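One structure is given below, encoded as structure tokens.
All values reported here derive from a predicted model rather than from experimental measurement. The residues of the chain are indexed from 1 along the displayed sequence. The figures that follow rest on heavy atoms only: side chains count, while hydrogens, waters and symmetry mates do not.
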Amino acid sequence: MLISFCTMNDDQERNTINCFRNRLRRLINVGPVLDMLQFLSDDQKELIRAKTRTEGDISAADLLLHEVITKEHSEGWFRELITALETAGCRHAANYMENNPPSPSKEFENDNCIKLIDLLKLSLVDMKTRDVCNSCYQRSLLTDEDRENIFAVNDQQGNKAGARLLLSRLVKKELGWYSEFLEALKETGHGMLARELQGEPLKGHGETHAQHSQGTSSFYPAIDLDLYKESNEEMETEQTADSPGPSGIIVLHDYQMEVALPALEGKNIIICLPTGSGKTRVAVYITKQHLESRRRMGQPGKVVVLVNKVPLVEQHYKAEFGKFLKHQYSVERVSGDSQLKISFPQVIEKNDIIICTAQILENSLAKAKNGDEDGIKLSQFTLMVIDECHHTQKGGVYNHIMIRYLKQKHRNIGLLKEQKTPVPLPQILGLTASPGVGGAKNQQKAEEHILRICANLDAYTIKTKSLREELMAPYKCIASAPERKEDPFGDVIKGIMDEIHSHAELSPLCQPGTQNYEQWVVQKEQNAAKEDNPRVRVCAEHLRQYNEALHQSNTIRMSDAFSFLNKYYNEELKKKSSPDEDDVIQITDTERFLFRLFKDNKEHLQELTKNPQYENNTLATLKTKILQEFTSRTIARGIIFTKTRHSAIALSQWIRENPKFESVGVRASHLIGGGDQSVVKPMTSAEQKDVLNKFHEGEINVLIATTVAEEGLDIAQCNFVIRYCLVTNEIAMIQARGRGRAEDSSYTVVEEAGSGVAERESVNEYRETMMSKAIARVCTLCQEEYEKKTKEYQMQAIMEERVKVKKKQQKVMKKEDPSKVKFSCRSCNKPVCSGEDIEIIENMHHVNVTTAFRELFTVRENTSLQERFLDYEANGVIACKQCGQQWGSMMLYKSIECPCLHIKHFVVTYGSKKKDFRKWNELAIRFPSFSYLQHAEHIANNSDEEMGDME
């Protein structure tokens with residue numbers, strides 16, 4: 001063997017490796033690299049492998065680097081090492097060794113991504129490892145060997161072990177892996193994990209059955225919560241002080257005028273003020289001054305006010321913009337609930353101020369880009385007000401709009417260089433009470449999050465004012481209930497679950513009644529559906545209900561948990577009875593076993609609910625707290641936030657049925673969301689408004705609400721807020737706490753001792769402090785440094801969007817022919833139809849109007865939603881004739897009945913593989929558009945033939 005002693009080049013290469021040694025030891029995948037190195041002896045390799053087995057990859061990589069740097073090697077060793085790294089999928093490490101590291105900012109960002117993965121590992125390990133692994137492999141994030149090793153660990157040691165190995169491989173990859181991993185998560189049905197990794201507050205996170213539809217992608221348009229009643233946006237004192245006179249004069253407080261000044265100079269800004277301090281009033285004032293200024297200069301002015309919830313459109317119109325400005329300017333509101341008889345572009349053209357949901361604007365901007373005459377452009381506006389602007393983050397509709405803005409701003413720079421006229425863009429005004437910290441663990445990351453929000457909104461600055469919040473904040477306490485000593489009700493349910501485990505041959509790895517068990521059983525149900533295993537699938541479905549009942553019995557009454565189970569089994573039995581007497585719905589042996597098991601234990605469970613000594617202690621703690629509020633105050637009015645719709649309804653009923661509450665004057669009602677993605681019947685917009693009206697008038701003085709009520713609900717007289725066994729993020733905490741407006745208001749977190757709720761609340765308080773410091777730090781940055789950082793984030797956002805669009809275009813081009821997919825019933829596996837039978841209405845509703853398909857289902861009443869939307873309405877639920885499994889909805893589209901399929905109720909055979917999809921957009925198939933004319937003519941011809949036969 002020829003040995004080459006250290007040349008100058010060797011010294012440089014060794015010095016470079018040593019310089020980056022601490023980073024390299026974390027980036028090298030030792031096993032496959034070692035297999036390809038010939039310049040190391042067998043003894044050296046074995047020593048390094050032993051280190052891997054005893055101390056792990058990082059220690060082994062450190063030893064490998066030590067051997068490389070300190071020992072003599074054959075000529076060409078460095079190139080051999082680089083080739084081995086590249087082949088083993090360690091291109092990032094190879095870049096460092098070749099003295100080609102990323103820029104400090106990109107390196108810093110990548111480090112933060114790795115920290116975020118580590119921070120959220122407990123959630124990430126519950127991913128569908130095989131699916132995510134395959135998606136990452138297809139995106140070239142993993143090598144063949146990576147995938148084989150991950151699959152092997154997954155099969156031998158379980159899903160979590162496989163997920164941990166997958167994550168450990170990903171964080172060593174070349175820059176860009178993080179955004180690709182997010183896309184892989186979204187593609188495999190882990191949208192919530194992806195959003196959490198992006199630092200976004202999870203919409204409806206506190207609501208177990210919150211709907212997950214985006215924009216207009218689901219059959220039913222989102223029915224958002226009406227969070228306001230008439231003019232209760234600001235504090236009552238401000239309503240009196242600032243009520244418009246004959247000329248609509250708006251008088252701002254000094255602190256309001258101070259934060260408004262840069263906007264009055266025409267600059268883009270974010271106004272960050274505490275809840276109840278009059279942010280919207282400031283926006284109305286800025287809007288008025290903006291339009292007056294444009295008018296004085298003889299220039300047209302047009303303002304769009306964007307909100308993220310449908311009811312806020314009406315609230316902002318009645319309480320603020322319409323109230324103060326409609327005598328001078330034409331003000332109009334547009335939302336999904338609007339019944340306007342003219343198009344959105346016409347509304348824009350005819351009015352000075354337009355208040356609308358962001359999705360409506362985004363839809364029209366997209367139409368304009370596609371050349372649709374019904375579209376509009378950002379250049380048509382001179383001022384854009386964005387309410388709750390902290391949602392301007394990746395994946396959000398606000399961000400989609402602002403990306404369009406940033407791209408045009410970037411193009412305008414090029415136009416100016418070419419001495420061409422730039423495209424006008426509106427001034428931006430963002431409003432928020434709490435931008436949050438995006439899950440940051442340290443101050444630097446929190447500052448980065450604030451800067452990203454500023455960059456996304458193209459803000460010149462962020463303006464804030466403390467308003468001596470330490471004096472205004474409500475009194476806060478943690479009320480911990482002792483752990484339950486006896487739980488015979490829960491023991492019976494766990495016994496039932498054990499019997500089901502034995503019947504289905506399942507071995508859970510976690511305790512029933514927990515979130516981890518819920519994730520495990522959902523995974524089992526999905527796998528069983530794909531594997532044509534009806535026994536495990538139906539058992540998993542029932543186990544999920546018992547797990548929910550266990551959770552309920554720990555937060556609400558045992559009787560509520562029992563009612564939940566009883567209702568579920570009654571509905572399941574109904575599914576097994578066909579409306580058509582000629583049809584017989586099959587009941588399998590497993591279903592009989594499950595029905596009999598519940599029936600055998602039903603009486604015992606019901607008897608246990610009658611023993612109050614077995615109730616959970618958190619309810620008693622909540623009762624004490626409510627009674628304390630009502631006996632210690634002259635007038636008490638408060639909100640109790642809880643996690644699920646079911647618990648909100650149950651707690652409301654519990655209060656109404658308890659005479660002690662009635663004796664102190666408690667009058668309670670629940671307030672829940674309007675989406676139909678839950679087993680709990682949603683509230684209609686009219687029902688929500690009625691409850692809020694009664695709360696505002698004092699007819700109701702305790703509101704039990706899910707977390708959808710955290711943002712925006714503004715009742716000045718509310719003097720206590722309770723979060724019941726519920727903690728989410730720091731933004732939600734600040735929003736919930738801000739509902740208490742009276743000087744002597746209180747904020748209480750009720751928890752069971754040892755549940756971790758108090759600890760998570762403390763983390764949120766720490767993050768709130770970090771947020772305040774981060775905002776202060778950003779405000780003190782010199783303008784040059786601020787603009788440099790925000791510009792870098794803007795360019796990054798533009799580039800990421802371009803990559804995303806390009807991938808989306810490629811995905812569309814790769815869409816397969818519909819004939820390649822077959823659909824079968826998720827429950828009984830009965831073949832249902834081919835992809836060739838599916839058509840799309842308005843790019844979102846997948847329907848099958850074939851005669852053959854109509855013979856396979858029955859139609860049942862849709863009890864949860866029967867509201868009319870545009871040209872279509874829901875008439876009922878369609879279900880499998882053979883097993884009763886729900887398949888979708890019967891949709892009446894322009895007087896034609898169209899069975900609308902929900903893909904989550906089917907197993908999809910794609911080629912030779914069976915797959916599980918939650919949304920239609922996950923299926924890469926190009927379905928044809930529904931031909932209304934063709935089907936209408938077909939129905940008309942059939943009707944004529946029937947009439948002829950009758951004659």
Check the pair Gln138, Asn134 against side chain to side chain donor-acceptor pair (under 3.5 Å), reporting the backbone distance first and the verdict last. CA-CA 6 Å; Gln138 290 164 6; Asn134 278 327; 5.7 Å; no
Are Tyr178 and Asn112 close enough, and set up right, to give a side chain to side chain donor-acceptor pair (under 3.5 Å), and what steps lead you there? CA-CA 10 Å; Tyr178 188 72; Asn112 282 329; over 6 Å; no
Run the salt bridge (charged side-chain N to carboxylate O under 4.0 Å, His left out) check on Arg53 and Glu46 step by step: do they pass? CA-CA 11 Å; Arg53 290 191 295 270; Glu46 188 51 41; 3.1 Å; yes
Determine, stepwise, if the pair Glu792 / Lys789 fulfils salt bridge (charged side-chain N to carboxylate O under 4.0 Å, His left out). CA-CA 5 Å; Glu792 183 177 330; Lys789 289 183 176 181; over 6 Å; no
Working for salt bridge (charged side-chain N to carboxylate O under 4.0 Å, His left out), residues Lys51 and Asp57: CA-CA 8 Å; Lys51 181 72 77 171; Asp57 238 21; over 6 Å; no
Given Asn456 and Thr392, is the side chain to side chain donor-acceptor pair (under 3.5 Å) satisfied, shown in steps? CA-CA 7 Å; Asn456 291 345; Thr392 313; over 6 Å; no
Residues Lys791, Asp458; criterion salt bridge (charged side-chain N to carboxylate O under 4.0 Å, His left out); working and verdict: CA-CA 9 Å; Lys791 185 177 179 181; Asp458 194 36; over 6 Å; no
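The backbone N or O of Asn399 sits nowhere less than 3.5 Å from a side-chain atom of Gln393 that would complete a donor-acceptor pair. A donor-acceptor contact shorter than 3.5 Å is absent between the side chain of Thr514 and the backbone of Cys510. Checking side-chain atoms of His190 against main-chain N and O of Thr188 turns up a donor-acceptor pair under 3.5 Å. Remark: side-chain polar atoms of Ser168 are paired, donor with acceptor, to backbone N or O of Leu165 under 3.5 angstrom. In this structure, the side chain of Gln526 does not engage the main chain of Asp916 through any donor-acceptor pair within 3.5 Å. With hydrogens and angles disregarded, no donor-acceptor distance shorter than 3.5 Å links the side chain of Asn95 to the backbone of Pro101. Remark: side-chain polar atoms of Arg14 are paired, donor with acceptor, to backbone N or O of Ile69 under 3.5 angstrom. Using modelled atom types, no side-chain atom of Arg169 and backbone atom of Arg164 make a donor-acceptor pair closer than 3.5 Å. Using a distance-only test at 3.5 Å, with no hydrogens or angles considered, no donor-acceptor pair links the side chain of Asp118 to the main chain of Lys115. Within the 3.5 Å criterion, the main-chain N or O of Tyr460 finds a donor-acceptor partner in the side chain of Gln783.
Comment: Arg130 engages Asp155 in a salt bridge, judged by a side-chain N to carboxylate O separation of less than 4.0 angstrom. At a threshold of 4.0 Å, the pair Arg139-Glu187 counts as salt-bridged, since one of the basic side-chain nitrogens sits closer than that to a carboxylate oxygen. Here Glu98 pairs with Arg79 in a salt bridge; the nearest charged N to carboxylate O distance falls below 4.0 Å. Using a 4.0 Å cut-off between a side-chain N of Lys or Arg and a carboxylate O of Asp or Glu, Asp126 and Lys121 do not qualify as a salt bridge. With respect to the salt-bridge test (charged N to carboxylate O, under 4.0 angstrom), the residues Glu362 and Arg404 qualify.
Paired with Val30 under the rule side-chain contact (heavy atoms from CB on, under 4.5 Å), one option of Thr52, Asp35, Ile58 passes, and it is Thr52.
Between Asp62 and Arg21 there is a side-chain heavy-atom pair separated by less than 4.5 Å.
Crowding of Ile413 atom CD1: a count of heavy atoms from other residues, nucleotides or ligands under 6.0 Å exceeding 12. More than 12 heavy atoms of other residues, nucleotides or ligands shown are found within 6.0 angstrom of NZ on Lys45.
A perpendicular orientation is assigned to the rings of Trp77 and Phe39, their planes being inclined by more than 60° (bins at 30° and 60°).
Listed by chain and number, the residues in a side-chain contact (heavy atoms from CB on, under 4.5 Å) with Leu781 are Leu451, Arg777, Glu785, Tyr786 (sequence neighbours excluded).
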